[in-house]
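For reference, the structure is listed below as C-alpha cells.
Everything numeric here is computed off the predicted structure, so don't read it as measured data. A, B, ... follow the sequence lines: proteins, then strands. Residue 1 opens every chain.
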There are 2 protein chains.
Amino acid sequence: MLHVAEAARVSVATVSALLNGTATVSPELTQRIEQAIRDIGYKRNAIARSLKMGTTRTIGLTVPHITNPFFTDVVSVIQQAFDRAGYAVMLCCTDEDLNTQDEQIRLLLDRMVDGLIVARVGDGGILKGIVEDANVPVVLLDRLCEGVDTDAVVLDNRRAVFDAVTYLIHLGHRRIGYITGTSDISPMHDRMIGYREALQAAGLPVAEELVRSGNFHEVDGYNATMQLLSLHDRPSAIFSANNPMVIGTMKAIRDIGLSCPEDISVACFDDFPWSDVFVPQLTTVAQPVQAIGEQAANLLLDRLAGNRDAPPRRLVLKGRLMIRNSCRPLGAIAQSVSA
Amino acid sequence: MLHVAEAARVSVATVSALLNGTATVSPELTQRIEQAIRDIGYKRNAIARSLKMGTTRTIGLTVPHITNPFFTDVVSVIQQAFDRAGYAVMLCCTDEDLNTQDEQIRLLLDRMVDGLIVARVGDGGILKGIVEDANVPVVLLDRLCEGVDTDAVVLDNRRAVFDAVTYLIHLGHRRIGYITGTSDISPMHDRMIGYREALQAAGLPVAEELVRSGNFHEVDGYNATMQLLSLHDRPSAIFSANNPMVIGTMKAIRDIGLSCPEDISVACFDDFPWSDVFVPQLTTVAQPVQAIGEQAANLLLDRLAGNRDAPPRRLVLKGRLMIRNSCRPLGAIAQSVSA
DNA sequence: TGACAGATTCGAAACGTTTAGATTAGCGTT
DNA sequence: AACGCTAATCTAAACGTTTCGAATCTGTCA
C-alpha cells in the first residue's frame with residue numbers, strides 16, 4: 001500500500017479510504033490510485049488488516065472424520081455457506097481423539113479464527129473454557145457437550161432410532177442387534193435410549209448381549225457384527241450406528257456366509273447417495289445434512305454479525321426413515337406380505 | 001505479551017526470546033515470565049507473528065467437490081500431513097467452476113497462505129500468473145494444467161484406463177461405452193487416449209456414439225448412460241469416469257429395467273470402501289489416494305522448508321484395477337468360463 | 001474581506017509480534 | 001585498577017494495515 005501511495009503521490013490513508021470506501025476521495029486521486037494499483041499489481045495484505053481490525057474473517061471447523069459421508073456432506077454445506085459470506089474455513093479432523101481435538105482447537109485459536117464449529121469428540125477438554133471465555137463464538141454440531149452451554153444443531157436422535165427400531169419390530173423382528181459408537185457423546189446416548197424405548201414400547205426385553213459398541217470405524221462395525229452373529233441365539237436384524245460401521249456389518253455378514261436381507265436384516269444411521277443403487281438397497285435414517293450445515297453456519301454467522309449476547313440457541317432437527325429393502329418381514333407378517 | 005512483560009517486570013523482547021528460544025534467559029526471569037503467562041492466560045497472537053515473520057503456517061487447498069470420495073480421501077490425507085507439520089489447512093470447493101476457483105484462490109492468497117495445493121478446474125485462470133510470480137509455491141493435484149509448470153502429483157491415467165478397457169475386451173466385450181468428464185482437464189484427456197488405444201490395440205473401431213461426457217455429477221452419469229442404453233446397438237459394457245457418475249450409471253441401468261452384470265457390465269474410476277460390500281461388487285480403478293495425498297503434501301512441505309528453486313517435479317503414480325464382479329464374460333469366453 | 005462550513009487529504013499512532021543492535025553486569029586478566 | 005569478554009537484557013524499529021484528529025483547500029455568506 002505504501003508503494004501504491006507513493007506511485008499515486010497520495011498518502012496511505014487515502015489509499016485505505018478509497019479501498020474501504022470509508023471516506024470520499026476525489027475522482028482525480030481515485031483515478032491515480034486505481035492506476036497505481038493496476039501498475040503495481042497490489043493486493044491488500046489481509047494479515048495486517050486482521051491484526052489491526054481484530055477479525056480474520058476465517059472460521060475453524062473440526063469434525064471427527066471427514067471420510068464419514070455424513071461429515072463430508074455437512075462440511076461441504078458449511079464451507080459453501082461461509083464462502084458465500086466471504087469467510088475462509090480452516091478444516092481440522094480430530095480422529096475421534098480428545099487430545100487431537102484440543103490441539104486442533106488451540107491451533108485454530110492461535111490463528112485468531114472469528115468463530116468455531118465443532119463436532120466434538122470425547123468429553124470436556126478445552127472446549128468448555130473457550131465457551132466460557134466467550135471470546136470466540138462456538139457452535140456445536142451434531143453432538144452436544146455436557147456443561148457447555150452454547151449454540152448447537154443436533155438431530156432428534158432418540159426419536160430417529162425409536163422410529164427405525166419400531167419399524168423393525170413391526171416387520172416381526174424380536175431380537176434386534178444394536179451397534180453403537182462410543183457412549184460418551186450425546187447422539188450415541190440418545191440413540192441408545194431410542195432403542196430401549198422402542199423395545200419397551202413393544203413389550204420386548206432389552207437383551208444386553210445384543211448391544212455392542214465400537215469406535216465408529218469400519219473394523220469396529222465388522223467386529224461387533226461378528227460377535228452378534230456368533231451368538232447362540234443370533235439377532236434377525238441389526239441396526240448399525242453410522243456409515244463406516246454398516247460397511248463393516250455388511251462385510252461381516254458376507255464373510256460369515258450369510259446374506260442380507262434373507263438371513264439377516266440391516267438398517268443404519270446416515271443415508272448416502274448410493275444407498276439405493278446396489279443390492280440390497282439399504283434402509284437408513286437420513287439426516288437432513290443440508291439443513292444441519294446451513295443452520296450451523298447461520299447460527300455462527302449471526303453471532304459474527306454482532307449478535308453476541310443472545311442466549312444459547314439449540315436447534316433440533318428430525319431424521320427421516322428411508323425404507324428400502326435391506327430389512328425383510330419375519331414370521332406371520334412375512335407370510336401375509338408374500339401372500 | 002506486553003501485559004506478560006509488565007507482570008514479570010521484563011521487556012517484551014525477553015518474553016519473545018523465551019517463547020521462541022532465540023536467546024538464553026536466566027532461570028529467574030524464566031520463572032517469573034512463565035508465572036505471568038499462567039496468571040494472565042496469555043496466548044501468542046499468531047496473526048501479529050505472521051505479519052512480522054511473513055509466514056502464516058497455513059496452506060490453501062482447493063478441490064472441485066469434497067463430496068466426491070476420491071477428493072474426500074485425498075483431502076483427509078493432506079490435512080493429516082499438514083497437521084503433523086504444524087500447519088493449518090484452509091479448504092475450498094470450487095464446484096468445477098473456473099470463476100469460483102479464481103475467487104477462492106484470491107481469498108486464500110489474500111490471507112497470505114504459505115502454499116497452495118490445487119486440484120484445478122477449467123483452464124488457465126489466475127493460476128498461471130500465480131505460479132509465474134513464484135511468491136507462493138503451488139502443487140497441482142490430480143490434474144495438470146497447460147502452460148503451468150510447477151510441482152504436481154497425478155495418476156498415469158492413460159495406462160489405468162488402457163488396462164481397464166483391455167480387461168473388458170478380454171472378457172469379450174466389443175462395444176464399450178465410455179463416460180468421461182469435461183475434456184478440458186488433463187486426466188480426462190489422458191483417459192480418453194487410454195480408451196482409444198486399448199480399442200485400437202485390440203483392432204476394434206472407436207465408435208464415437210459410444211463416448212459421452214458430463215460434468216462429473218451423478219445426474220450427468222445418469223443422462224449419459226440413458227443415452228448409451230437407448231442406442232440401437234447398445235454397448236455391452238460401460239466405463240464411467242468417477243464415483244458420482246457411476247452412481248448415475250447404476251441408477252439409469254436400474255430405471256431402464258436392466259441389471260448389472262447380467263445385461264450390462266460396469267466398471268469405473270475410483271475405488272471406495274463399499275465397492276465390494278454390495279451386489280454387484282464394482283470393478284474399479286483404484287487410485288493410491290494415500291500416496292497421492294502424502295506426496296502432494298511432501299512436495300509442498302519441501303518447498304516450504306526452503307527448497308524454492310529446485311525445478312518443478314512431476315510425480316506420476318499407478319492406478320490399480322480392482323477386479324470384482326460387475327463385469328461379466330461375453331460370448332465364447334463366457335461359455336468357457338461357465339463350463 | 002473575513003470567518004465559517006464542508007469536502008478532501010494527510011500525519012501519525014496503534015494492532016502484537018520479532019529482531020538487530022545497544023546496554024548493562026559480572027568476572028577473569030594483566 | 002583498567003580492560004576486555006561473555007552472557008543477559010533491553011530499546012526501538014519494523015511488518016502493512018486502519019483510523020482519529022488535524023490540516024488544507026474551496027467556496028459561501030454575512
Task: Spacing of L51(A) atom CG relative to dA14(C) atom P, expressed in whole Å - done: 14 Å
TODO: For the residue pair T55(A) and D114(A), confirm or rule out a side-chain donor-acceptor distance under 3.5 Å.
DONE: yes
Open item on the list: Please determine whether side chain to side chain contact (heavy atoms under 4.5 Å, CB included) holds for the pair V89(B) and M90(A), giving the CA-CA distance in whole Å, both sets of side-chain angles, and the decisive distance to 0.1 Å.
Closed with: CA-CA 6 Å; V89(B) 174; M90(A) 291 202 196; over 6 Å; no
- [ ] May I have the distance from R57(B) (atom CZ) to dT17(C) (atom C1'), rounded to whole angstrom?
- [x] 16 Å
Open item on the list: Using a 4.0 Å heavy-atom cut-off to protein, can you give one letter per nucleotide of nucleotides 18-28 of chain D, 5' to 3': B if the base is in contact, S if only the sugar-phosphate is, - if neither?
Closed with: BB---------
Task: Option among V74(B), V118(B), V154(B), T62(B) that satisfies the side-chain contact (heavy atoms from CB on, under 4.5 Å) test with L141(B) - done: V74(B)
TODO: Could you tell me the separation between the CD atom of E28(B) and the C1' atom of dA25(C), rounded to a whole number of Å?
DONE: 14 Å
Task: Lys NZ or Arg CZ of R111(A) over Y87(B) ring: under 6.0 Å, within 45° - done: no
- [ ] Mind calculating the distance between CG (N45(A)) and P (dA14(D)) to the nearest angstrom?
- [x] 18 Å
Open item on the list: Keeping S26(A) on the side-chain end and L29(A) on the backbone end, is there a donor-acceptor pair under 3.5 Å?
Closed with: yes
TODO: With R143(B) as the cation and F216(B) as the aromatic partner, state whether NZ or CZ is under 6.0 Å from the six-membered ring centre and within 45° of the axis.
DONE: yes
Task: Whole-Å distance separating the CZ atom of R9(B) from the C1' atom of dT11(D) - done: 20 Å
Open item on the list: Regarding Q35(A) and R32(A), do their side chains bring together a donor and an acceptor under 3.5 Å, going by distance alone?
Closed with: no
- [ ] Give me the residues of residues 105-116 of chain A where at least one heavy atom lies under 4.0 Å from an atom of DNA chain D, by number, or none.
- [x] none
Open item on the list: Testing R314(A), R313(A), R308(A) one by one against D151(A) for a salt bridge (charged side-chain N to carboxylate O under 4.0 Å, His left out), which residue passes?
Closed with: R313(A)
Open item on the list: Quick check for you: among dT17(C), dT8(C), dG16(D), whose closest atom lies nearest to any side-chain atom of T24(A)?
Closed with: dT8(C)
Task: Modelled atom types, side-chain donor and acceptor of N20(B) and R49(B), under 3.5 Å - done: yes
Open item on the list: Distance check needed: dC10(C) C1' versus E6(A) CD, whole Å only.
Closed with: 15 Å
Task: Nearest-angstrom distance from the residue atom CG of L2(B) to P of dC15(C) - done: 9 Å
Open item on the list: Regarding L29(B), tell me which of base, sugar-phosphate or nothing describes its non-hydrogen contacts under 4.0 Å with the strands shown.
Closed with: sugar-phosphate
